[in-house]
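Each ligand, and each atom within it, is numbered from 1 in the order the structure gives. For the single chain, residues carry numbers from 1 onward in sequence order.
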Amino acid sequence: MRLSLLVVLPLAILPALGSGCSKPAASSDSEAKTYSTKGTIKTFGPDKKYASIAHENIPGYMSAMTMSFEPQTPSMLDGLNAGDKVEFTFKADGSKHIITAIKKAP
Ligand SMILES: [Cu+2]
């Protein structure tokens, strides 16, 4: 009994030691890229926390699609309605897309 415990214990400790690797640092704002594009507002999230916008092809980033964008400040979406055509600039930071400027397209 005593002997088997001595054998098992070191094996149980080894995996714990291996998990001590450090996490990569969180991505900083300097890595965020900014793009400008046009699109059509499809829907808004609750309290206009985000807007679902069908955007045009964005050269070097992504092809045309409908996706969610978060306004940098909620009031940026005031006066905009579903169906509006818009021109906007957004910051792509990892999986987040933050609208930094938006206006109705002429
Ligand atoms: Cu997209």
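- Listed by chain and number, the protein atoms of type N/O/S under 2.8 Å from the Cu ion (ligand 1) are His55 NE2, Met62 SD, Met65 SD, Met67 SD; waters are omitted.
- With a 4.5 Å cut-off on side-chain heavy atoms, Leu77 and Ile102 count as touching.
- Few gaps surround NZ on Lys48; more than 12 heavy atoms of other groups in view lie less than 6.0 Å from it.
- The side-chain hydrogen bond (donor to acceptor under 3.5 Å, both in side chains) contacts involving residues 49-63 comprise Tyr61-His97, where partners must be two or more places apart or lie in separate chains.
- Phe88 is not listed as a side-chain neighbour of Leu80, based on a closest heavy-atom distance of 4.5 Å or more.
- Ile98 has its side chain out of reach of Asp93: every pair of non-hydrogen atoms, C-beta onward, lies at least 4.5 Å apart.
- Side-chain contact check for Ile53 versus Ile99: some heavy-atom pair is nearer than 4.5 Å.
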